[in-house]
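Reviewing the structure listed below.
Both counts, for ligands and for their atoms, begin at 1 and track the order of listing. Nothing fancy with the numbering, it's 1 onward along the sequence.
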Amino acid sequence: MGKKRVRVGLMGMGTVGTGVYRLIQGHQEDLLHQTGVEIEIAKILVQNKEKKRTIDINSDLLTADPYVVLHDPSIDVIVEVMGGVDETKEYVLHALQHGKHVITANKDLMALNGEELLNEAVKNGCDLFYEASVAGGIPILRALVEGFSSDRITKMIGIVNGTSNYILTKMSQDGASYEDALQEAQRLGYAESDPTADVGGLDAARKMSILSTLGFHVGMNLDDVTCKGMENVTIEDIKYAEKLGYRIKLIGIAKKDNDLIEVSVEPAMVKQSHPLASVNGVFNAVYVYGEAVGETMFYGPGAGELPTANAVVSDLVTVVKNMKLGVNGRGMVAPYNEKRLKSNDQIFAKYFMRLVVHDESGVLAKITKLLAEHNVSIEQVIQKPHQSIHKAELVIVTHVSSKSGINYVLQELEGLEHVDEIKSFYRVEGNGE
Ligand code: NAP
Ligand code: HSE
């Protein structure tokens, strides 16, 4: 590459776009030392050109027409930080087909269309990097692809949604309400434009689909990830968790046993001694177990302007270095393992359940008999009087049991005469099993 200058088309100037602008403008000299070229932001796509921005930008750079950016022949690299899927996919494909390298922070786009877009990139000799799409500021994708290239990963557990982790931390540490904590996360720019993806687990499921594709070398789809959100976690459950030595976290779990894979996102009780239990606020962490290396954990801010922008700009530096070496589009390894998903009777974990039952003789015996019938063995039971007269609150923690067994138990408990309500139910993780 004889170029002295690389021109970037920035598509989006919100939380992440603003950070990218700041880093490229503010770190020019470092970027020049590392890449040997000047990096210039040539055009910026926004929705509303008149909107007041938090930084001063030359208004001549702004456009509301994506094709002004995509059709500019002097632009070498597109940085997509606008979000969205259908329209954005069209723009990314267009960019790649016209020989422009692409960097995106968009996990929605990559979880749904990653395979197609990466193939298109390779076909056109372009780079397509997406480090910022998982766990914001943590360089986890590069760690999986490069750092674990000679290892076999068997387990990844991730706190990969900053918004939900922020809410759960505020609820448990400050006694904040769910609504107040969510509003605060939105104000700080952590939440997606529609925060139901954050609290409902979908955002984490997209990230786990990307992590398991790269970690297990299989073509995972979003549909392969079972997903439950954290909207129904209550302060009572958080208090029970504390008492029993756990913290409630929205975690993504990806495990591989004998080539069979399970991937889920759910609020779970995590043992307080496990390193993931101390990951608080907007911080994310991905715990990765490799057969050769053993336990590792990657920790850092999972969202926010500058941490996410740093991941984007690091991708940009890699693209520019590849341009100099003339190796763009050659680094991708397509998934090479067959995808074999576990059925529910092949998934094993401990479980926590909290029930309101009639406080009468024989009720506990009936419940324990039901559990035994489905091979669910009890590790711990706590019974407390309930505020309603003649009722009791029953908390059960099981030994490791199959997911199918526990599902049968829950189904039958629903119909059991002396059980009023299943208040809550969580997977329990971090006991070393
Ligand atoms: P954001 O604050 O909502 O900003 C989106 C930007 O894109 C805005 O500048 C908006 O223009 C522009 N835009 C949106 N739709 C457009 C359209 N159809 N045409 C033209 N411009 C459009 O979003 P963000 O938080 O920066 O997130 C951007 C991406 O990064 C998303 O994919 C998100 O999932 C991902 N991400 C975000 C974070 C984070 O911490 N926020 C972390 C990791 C990954 P206006 O400014 O004119 O409205
Ligand atoms: N909304 C996301 C989160 C942004 O809270 O983690 C980072 O992907």
Output the distance between atom CD (E429) and atom CD1 (I157), rounded to the nearest 0.5 Å. 4.5 Å

Qualifying residue for salt bridge (Lys or Arg N to Asp or Glu O under 4.0 Å) with D237, from R354, R247, K243, K249: R354

Distance to 0.1 Å, residue and atom name: give those for the protein heavy atom nearest to atom 8 (O) of ligand 2. K107 NZ, 2.6 Å

N328 side-chain N/O to D127 backbone N/O, donor-acceptor pair under 3.5 Å: no

Ligand 1 contact on N48 by region, counting heavy-atom pairs under 4.0 Å: both

Just say parallel, tilted or perpendicular for the rings of H94 and Y67, cut-offs at 30° and 60°. perpendicular

Identity and separation of the nearest protein heavy atom to atom 5 (O) of ligand 2: T163 OG1, 2.6 Å

With side chains defined as the heavy atoms from C-beta onward, is the minimum distance between D224 and V218 less than 4.5 Å? no

Proximity flag R53 to ligand 1, non-hydrogen atoms under 4.0 Å: yes

Rounded to the nearest 0.5 Å, how far does OG of S264 lie from NZ of K342? 10.0 Å

For G162, counting its heavy atoms only, list the atoms of ligand 2 lying under 4.0 Å from any of them. 3 (C), 5 (O), 6 (O)

Any non-hydrogen atom of G304 lying under 4.0 Å from ligand 1? yes

Is the F425 ring parallel, tilted or perpendicular to the Y351 ring (thresholds 30°, 60°)? parallel

Which of the numbered atoms in ligand 2 are under 4.0 angstrom from any heavy atom belonging to A303? 4 (C), 7 (C)

For atom 38 (C) of ligand 1, find the nearest protein heavy atom and state the residue, atom name and distance (0.1 Å precision). V16 CG2, 3.7 Å

When you look at CG of D65, are more than 12 heavy atoms from neighbouring residues, nucleotides or ligands closer to it than 6.0 Å? yes

What distance do E40 atom CD and E38 atom CD have between them, rounded to the nearest 0.5 Å? 8.0 Å

Specify whether the nearest protein heavy atom to atom 23 (O) of ligand 1 is under 4.0 angstrom away. no

Would one find an N or O of G17, backbone or side chain, under 3.5 Å from an N or O of ligand 1? no

Counting only heavy atoms, which portion of N161 has something under 4.0 Å from ligand 2: side chain, backbone, both, or neither? both

For ligand 2, is there an N or O atom under 3.5 Å from any N or O atom of K207? yes

For atom 32 (O) of ligand 1, closest protein heavy-atom neighbour: G83 CA, 3.4 Å

Taking atom 3 (O) of ligand 1 as the reference point, report whether a protein heavy atom occurs under 4.0 Å from it. no

E87 and ligand 1 - part of the residue with a heavy-atom distance under 4.0 Å: side chain

Closest protein heavy atom (residue, atom, distance) for atom 2 (C) of ligand 2: E192 OE2, 3.2 Å

If we number the atoms of ligand 1 from 1 as shown, the ones under 4.0 Å from a heavy atom of E192 are 33 (C), 34 (O)

What's the verdict on side-chain contact (heavy atoms from CB on, under 4.5 Å) for I248 and M230, showing C-alpha distance, side-chain angles and the deciding distance? CA-CA 9 Å; I248 299 184; M230 48 70 69; over 6 Å; no

Please confirm whether G189 comes within less than 3.5 Å of ligand 1 when only nitrogen or oxygen atoms on both sides are compared. yes

Sub-4.0 Å heavy-atom contact, A132 with ligand 1: yes

Short version for Q47: what comes under 4.0 Å of ligand 1, heavy atoms counted, is both

Quick check: does T15 get an N/O under 3.5 Å from an N/O on ligand 1? yes

Looking at R5, K3, K324, which one forms a salt bridge (Lys or Arg N to Asp or Glu O under 4.0 Å) with D76? K3

Note: heavy atom closest to atom 19 (N) of ligand 1, options M82, K207, K52, belongs to M82

Give a yes/no on ligand 1: does M11 have at least one heavy atom closer than 4.0 angstrom to it? no

Going by atom types alone, do S343 and Q346 pair a side-chain donor with an acceptor below 3.5 Å? yes

For D198, the atoms of ligand 2 under 4.0 Å from one of its heavy atoms are 1 (N), 2 (C), 3 (C), 5 (O)

How far is atom 7 (C) of ligand 2 from its nearest protein heavy atom, and which residue and atom is that? G302 O, 3.3 Å

Numbered atoms and elements of ligand 1 in range of A303, under 4.0 angstrom, heavy atoms: 40 (O)

Distance in Å, T63 OG1 paired with I44 CD1, rounded so as to fall on 0.5 Å steps: 10.5 Å

Separation between CD1 of I406 and CE of M353, rounded to the nearest 0.5 Å: 4.0 Å

Please work out which of the three classes, parallel, tilted or perpendicular, describes the rings of Y166 and Y190, given edges at 30° and 60°. perpendicular

